[in-house]
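All remarks here apply to the structure that follows.
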Amino acid sequence: MKIISVDEMRQIEKEAYESGISYEQMMITAGKKIAQKILSETLYLNRTITAIIGTGNNGGDALIALTELIKEGWTANAWMIRKRHDKDNLLSNFQYRNGQTVEYQNDQYFNQLDQWLQSSDILLDGALGIGCHLPLASDYSEVFSHIHSISKRFTTIAVDCPSGMDCDSGECDEHCIHADMTFCIEALKIGEIQNPGYRFTGKIESISLDLPENLPIYQKIKRNIIQRESLNKDIPVREVDGNKGTFGTVDIIGGSDQYIGAPILTGMAAYKAGCGLVNMFVPQIVRDISANMIPEAIWTILNIKDPHAMDLCMEKIIEAKKKKHAFVIGPGLGIGDIQIEFTRKFFEQVQEVSPYSEQNFIIDADGLNLLAALADWPKRLPQLCILTPHPGEFSRLSALPIQEIQRNRVRICEEYAKRWNKVVVLKGAYTVISSPDGRTGVLPIASSALAKAGSGDVLSGIIAGFLSQGINDQFTAACLGVWIHGNAGLIAKERIGNEYSVTATDIIQSIREAITTLIR
Ligand SMILES: NC(=O)C1=CN([C@@H]2O[C@H](COP(=O)(O)OP(=O)(O)OC[C@H]3O[C@@H](n4cnc5c(N)ncnc54)[C@H](O)[C@@H]3O)[C@@H](O)[C@H]2O)[C@@H](O)CC1
């Protein structure tokens with residue numbers, strides 16, 4: 001499903017109009033399809049619907065849907081917040097079919113609205129669509145506030161977006177209508193996948209306007225929801241006669257006295273994602289305490305204070321030129337002058353020993369914090385790097401305040417992927433993945449099951465595990481990894497029975513089932 005801005009939606013409508021499809025025709029398509037979707041559900045026993053109608057085309061869509069439902073034997077009521085314009089054919093068609101209408105000014109105490117809603121299966125929210133500009137006018141605010149106060153017996157369905165939401169930023173009025181379901185017209189709007197917008201949409205269903213596929217604007221929109229259906233073709237095929245070399249090596253550089261488990265989680269996740277071999281480059285203490293947790297790994301003691309440590313790493317980089325490797329730098333590495341100097345030298349020497357490296361690097365956790373301490377860090381990195389910051393790490397890398405990043409996650413991730421010329425995974429609820437070539441994917445998952453220490457280490461391991469198996473495109477590997485990770489978290493929550501008790505180890509244990517779901 002595509003994700004678009006309000007301007008892009010307006011451009012789609014404009015180009016569709018120029019191609020010969022009238023605005024009215026588009027609205028008729030939207031309204032009829034809304035009705036069809038409602039009719040396809042069997043749970044509406046009263047076959048009664050009440051819509052809140054605004055003055056714009058969002059209300060127009062809703063009126064058409066109501067009229068279609070009357071034709072199918074439904075009872076339909078339109079409660080108008082304000083008077084629509086005098087020559088509104090949509091309203092007269094509805095009334096001609098015996099649709100009931102009342103205006104707010106004639107029902108100021110909401111008696112009629114409450115009565116209608118008592119017998120309705122559905123409240124259809126056609127008050128405001130992409131034309132909503134906050135703050136709400138006082139009459140809209142009063143109506144929405146009243147709707148909040150009603151004890152709900154009906155399903156609330158929003159047309160295009162919940163009313164009271166800014167469709168670009170996701171900002172919501174305090175009385176924004178909380179939908180159980182949103183029928184997105186043509187595409188999801190960016191605001192609907194931003195916080196707090198996504199809290200109000202409920203289940204998302206898409207409504208296509210059946211527009212010509214060759215509209216020029218479609219070529220420019222490269223933002224999509226990450227969905228199972230579009231990903232399952234991307235998972236690497238496993239040759240039956242392959243050996244461990246066929247499925248590649250993941251090299252993990254991380255760990256410290258303080259963070260013993262982080263690189264272990266990355267290594268375990270990489271194996272679960274299917275890589276052939278994991279090389280762990282960790283301090284002695286990490287190896288001594290944790291080797292039994294991951295007996296399949298090969299261990300190299302890395303004491304980053306020792307000048308010889310860099311030689312060990314570079315030997316691997318040189319060896320990796322001939323084989324499929326993915327390097328993860330950072331989990332649990334710690335932060336300090338020694339680590340900063342190690343990071344600086346590491347990338348300097350990578351450029352020297354392998355200047356045109358085709359190897360994949362994933363920089364995660366402390367690796368990102370250490371990078372942020374180096375001037376001009378994007379120029380120091382090899383060509384193929386994925387950066388996996390959470391908002392705090394993104395803030396250190398970009399010098400933007402966390403609040404600003406969170407307010408505008410999609411746009412900022414897109415902008416900085418281009419600026420840094422790297423694939424960027426902005427973690428958190430509704431993780432965003434952007435590529436410098438303009439592609440963006442968003443995972444529509446928000447779950448506190450994933451918000452645990454070590455969860456990010458697991459993610460970098462999964463992405464590395466897929467890269468080592470030969471996915472050539474970093475953006476695709478990142479989207480695949482994010483999908484598997486997010487779904488593994490949800491599966492772990494189901495298995496365990498609640499979100500509180502899920503740990504990063506539980507997420508690793510559910511990678512198996514998430515992959516099975518993907519390839520099934
Ligand atoms: N070609 C078209 O015209 C299509 C339109 N579509 C529908 O039309 C919608 C967009 O229609 P519009 O551009 O008319 O916009 P809206 O239907 O969102 O409404 C805009 C109206 O609401 C008022 N308004 C905006 N912010 C307000 C606030 N804070 N408080 C009170 N009133 C406010 C504006 O003054 C304007 O009268 C889409 O969301 C979609 O539902 C779809 O059917 C697709 C095709």
Side-chain angles (χ1 to χ4, degrees), residues 251-263 266 281-283 285-286 302-314 316-317 327-355 357 359-406 409 412-413 415-428 434 436 453-457 459-460 463-464:
D251 303 88
I252 298 160
I253 300 174
S256 57
D257 290 359
Q258 221 183 342
Y259 303 107
I260 288 169
T266 307
F281 291 77
V282 292
I285 186 170
V286 175
L302 189 75
N303 174 5
I304 60 169
K305 289 182 202 150
D306 179 353
H308 182 59
M310 197 58 73
D311 298 339
L312 287 175
C313 295
M314 290 311 126
K316 266 294 157 225
I317 301 275
F327 292 84
V328 183
I329 326 286
L333 202 53
I335 303 171
D337 291 345
I338 294 167
Q339 286 91 337
I340 293 174
E341 185 50 20
F342 174 82
T343 309
R344 189 190 66 74
K345 262 209 177 125
F346 178 85
F347 288 117
E348 190 181 279
Q349 296 210 4
V350 168
Q351 306 270 31
E352 272 173 29
V353 300
S354 187
S357 168
Q359 297 308 323
N360 289 289
F361 292 83
I362 297 163
I363 309 178
D364 185 34
D366 284 340
L368 297 164
N369 296 323
L370 296 167
L371 268 191
L374 300 173
D376 280 341
W377 62 263
K379 290 189 189 147
R380 298 170 188 265
L381 297 181
Q383 188 194 341
L384 293 174
C385 277
I386 301 179
L387 310 176
T388 55
H390 59 53
E393 289 156 353
F394 198 105
S395 169
R396 270 164 238 139
L397 291 168
S398 63
L400 295 174
I402 293 180
Q403 294 86 332
E404 192 179 328
I405 296 164
Q406 290 296 73
R409 286 169 60 85
I412 286 181
C413 192
E415 184 190 330
Y416 278 80
K418 285 187 185 149
R419 191 181 287 195
W420 297 332
N421 198 24
K422 296 286 169 272
V423 170
V424 178
V425 178
L426 176 53
K427 295 187 293 199
S434 290
S455 174
D457 304 319
L459 174 63
S460 58
I463 298 173

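Both backbone and side-chain heavy atoms feed into the values below; hydrogens, waters and symmetry mates do not.
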| message | If the condition is side chain to side chain contact (heavy atoms under 4.5 Å, CB included), which residues does E348 pass it with, not counting sequence neighbours? | response | R344, E352
| field | Pair L384-Q359, side chain to side chain contact (heavy atoms under 4.5 Å, CB included): steps then yes or no | value | CA-CA 7 Å; L384 293 174; Q359 297 308 323; over 6 Å; no
| field | Q258 side, atom CD; I285 side, atom CD1 - distance, nearest 0.5 Å | value | 11.0 Å
| Got a second to check how far L400's CG is from I405's CD1, nearest 0.5 Å? | 5.0 Å
| note | The residue among I362, D364, V425, L368 that forms side-chain contact (heavy atoms from CB on, under 4.5 Å) with L387 is L368
| said: If I compare all heavy atoms of P331 with all of S460, which pair ends up nearest, and what's the gap? | reply: CG-OG, 4.4 Å
| said: F327: which residues meet the ring pair (Phe, Tyr, Trp, His ring centres under 6.0 Å) condition with it, sequence neighbours left out? | reply: H325, F361
| query | In Å, rounded to the nearest 0.5 Å, how long is the span from OG of S455 to NE2 of H390? | reply | 11.0 Å
| note | When every non-hydrogen atom of G392 is compared with those of I402, the smallest separation belongs to CA-CD1, 3.8 Å
| field | For Q349, side chain to side chain contact (heavy atoms under 4.5 Å, CB included) partners two or more places apart | value | M310, M314, K345
| I304: what forms a side chain to side chain contact (heavy atoms under 4.5 Å, CB included) with it, not counting sequence neighbours? | L302, I338, Q339, F342
| What pair of heavy atoms forms the shortest contact from D366 to G332, and how long is it? | OD2-C, 3.9 Å
| query | Given side chains that start at C-beta, do those of P391 and R409 come closer than 4.5 Å, heavy atoms only? | reply | yes
| Partner residues of W420 under the ring pair (Phe, Tyr, Trp, His ring centres under 6.0 Å) criterion, sequence neighbours left out | W377, F394, Y416
| remark: Scanning both residues in full, the closest heavy-atom pair of L333 with G254 reads CD1-CA, 3.7 Å
| said: Does L381 form a side chain to side chain contact (heavy atoms under 4.5 Å, CB included) with L371? I'd like the steps, not just the answer. | reply: CA-CA 9 Å; L381 297 181; L371 268 191; 3.7 Å; yes
| Spacing of C313 atom SG and H308 atom NE2 [to the nearest 0.5 Å] | 10.0 Å
| said: Test of understanding: with side chain to side chain contact (heavy atoms under 4.5 Å, CB included), list the residues that count as partners of I340, not counting sequence neighbours. | reply: D337, L370, A373, L374
| request: For T388 and I363, indicate whether the former's side chain and the latter's backbone hold a donor-acceptor pair under 3.5 Å. | output: yes
| note | Taking every heavy atom of I252 against every heavy atom of P263, the minimum-distance pair comes out as CG2-CB, 3.9 Å
| N303 and P283, any side-chain heavy atoms less than 4.5 Å apart | no
